[in-house]
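Data block below; observations after.
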Amino acid sequence: MKIGVLGTGNMAHALATHWVRAGHHLTIGGRDIHKAHHLAARLGGATTAGDLRAAAEGGQDVVLAALPFDAGADVLRDLGAALDGKVLLDCSNPVGPGFRLLTDGGPSAAQLLAAAAPGAHVVKAFNLCHEDVWRMRPPVFDGRPLAVPLCGDDPAALALVRQLIRDVGCEPVPGGGLERAGLLEATAALFIALWVGEGADAQAIAPPLAYATGPANAGGA
């Protein structure tokens with residue numbers, strides 16, 4: 001695939017590393033072109049660099065929006081038609097001080113990006129883990145690959161993102177249409193509050209799948 005990356009931060013680096021290794025062609029774009037070139041040099045492979053527009057135009061198959069929540073929509077509006085018809089992958093988390101969900105009561109971050117780039121096919125994914133988890137090769141725990149939920153409305157766009165999830169070494173999990181992206185963002189806010197605020201194991205709040213509807217249905221007592 002030809003993938004454009006909007007941003008030069010930790011998430012851009014973590015995910016792009018896997019995709020370069022998988023043989024994809026990447027264009028890294030940032031407001032600071034020096035940082036974009038530096039990241040491209042670190043990634044190696046078939047990676048080029050330029051400004052944000054160069055990344056949007058170079059991402060003929062997928063464009064990753066690895067941007068802060070408060071900047072994403074403005075960046076996409078500036079890019080305009082360069083995103084038309086493309087898959088736009090949003091990994092942002094609108095979480096503020098006190099682990100507060102900044103979109104509470106309004107559209108999700110993913111929906112705001114979709115409104116700013118109405119010609120793009122937005123998919124939400126990769127927002128539930130710290131960037132260092134995405135740096136793992138691969139993210140596997142107790143022999144089980146990390147599951148990555150994704151939300152979006154376009155079947156072809158979802159298929160491409162599922163492949164990118166597998167390229168990271170994870171398993172894609174259908175999360176529904178884009179209207180459910182806000183649930184992923186709220187889940188991230190809750191998990192971050194548990195992990196960081198309480199030092200709690202977020203995995204411990206859910207039973208195993210066999211017990212999801214109660215022990216009787218799992219053959220238990």
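Every value quoted in this text rests on a predicted model; they were computed, and no experiment measured them.
Checking H18 against R137 by side-chain atom types alone, no donor-acceptor pair falls below 3.5 Å. N10 and H130 share no side-chain donor-acceptor pair at under 3.5 Å.
Of the possible donor and acceptor atoms, none in the side chain of W19 sits under 3.5 Å from a partner among the backbone N and O of L26. Under the 3.5 Å distance criterion, the side-chain polar atoms of D153 are matched with a main-chain donor or acceptor of L178. In this structure, the side chain of N93 does not engage the main chain of V95 through any donor-acceptor pair within 3.5 Å. Looking only at distances, a side-chain donor or acceptor of E185 sits under 3.5 Å from a matching main-chain atom of A109. Side chain of T17 to backbone of H13: a donor-acceptor contact under 3.5 angstrom is found. Between the R53 side chain and the L79 main chain, a donor and an acceptor come within less than 3.5 Å of each other. Side chain of R162 to main chain of P172: no donor-acceptor pair is present (N/O by atom type, distance under 3.5 Å, no hydrogens or angles). K86 places a side-chain N or O within donor-acceptor distance of the main-chain N or O of A82, the cut-off being under 3.5 Å.
In this structure the side chain of E198 never reaches within 4.5 angstrom of the side chain of F99, judged on heavy atoms. Side-chain contact check for V140 versus L146: every heavy-atom pair is 4.5 Å or farther apart. The shortest side-chain heavy-atom distance between I28 and T8 falls under the 4.5 Å cut-off. Residues L15 and V168 are in side-chain contact: their nearest non-hydrogen atoms beyond the backbone lie under 4.5 Å apart. Using a 4.5 Å heavy-atom threshold, the side chains of L76 and L88 count as touching. Two residues are said to be in side-chain contact when any heavy atoms from C-beta on lie closer than 4.5 Å; L150 and L158 meet this criterion. Annotation: side chain of L160 is in contact with side chain of M1 (closest heavy-atom distance under 4.5 Å). Taking 4.5 Å as the limit, every side-chain heavy atom of P145 sits out of range of all side-chain heavy atoms of C170.
Hydrophobic clustering (ILVMFWY, side-chain heavy atoms < 4.5 Å, transitive): V148 and V5 are in one cluster. When hydrophobic clusters are built by joining Ile, Leu, Val, Met, Phe, Trp and Tyr residues whose side-chain heavy atoms come closer than 4.5 Å, directly or via intermediates, I165 is not grouped with V173. Residue V123 is grouped with residue L64 when hydrophobic side chains (ILVMFWY) are merged at heavy-atom distances under 4.5 angstrom, including chains of intermediate members. Two different hydrophobic clusters hold V75 and L112 under the rule that ILVMFWY side chains link at heavy-atom gaps under 4.5 Å.
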In sequence, state the C-alpha distance, the side-chain angles, and the governing distance for C151 and L184, and then conclude on side-chain contact (heavy atoms from CB on, under 4.5 Å). CA-CA 8 Å; C151 294; L184 281 185; 3.8 Å; yes

Worked check of side-chain contact (heavy atoms from CB on, under 4.5 Å) between V133 and F141: CA-CA 11 Å; V133 172; F141 303 93; 4.2 Å; yes

Run the side-chain contact (heavy atoms from CB on, under 4.5 Å) check on I33 and H37 step by step: do they pass? CA-CA 6 Å; I33 295 180; H37 281 281; 3.2 Å; yes

Applying side chain to side chain donor-acceptor pair (under 3.5 Å), run through D167 and H24 and close with a yes or a no. CA-CA 10 Å; D167 288 339; H24 300 300; 2.7 Å; yes

With side-chain contact (heavy atoms from CB on, under 4.5 Å) as the criterion, how do T47 and L39 come out once you've worked through the C-alpha distance, each side chain's angles and the decisive distance to 0.1 Å? CA-CA 9 Å; T47 307; L39 178 54; over 6 Å; no

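The nearest pair of heavy atoms linking L83 to A117 is CD1-CB, 3.9 Å. Heavy-atom minimum distance, S108 versus T103: C-CG2, 4.2 Å. Contact record, V63 with A56: CG2-O, 3.9 Å, taken as the closest heavy-atom pair. The minimum heavy-atom distance linking C91 with N127 is given by the pair O-CB, 3.7 Å. Counting all heavy atoms, side chain and backbone alike, A49 lies closest to A40 at CB-CB, 3.8 Å. The shortest heavy-atom contact between L128 and P149 is CD1-CG, 3.7 Å.
For W134, the ring-ring contact (aromatic ring centres under 6.0 Å, His included) criterion is met by F126, not counting sequence neighbours.
Crowding of H38 atom NE2: a count of heavy atoms from other residues, nucleotides or ligands under 6.0 Å not exceeding 12. Residue R21 places its CZ atom among more than 12 non-hydrogen atoms of other residues, nucleotides or ligands, all under 6.0 Å distant. Within 6.0 Å of CD1 on I205 lie more than 12 heavy atoms contributed by other residues, nucleotides or ligands.
Using a 4.0 Å cut-off between charged nitrogen and carboxylate oxygen, K124 and D90 count as a salt-bridge pair.
How far CZ of R100 is from CD1 of I192: 13.5 Å, rounded to the nearest 0.5 Å.
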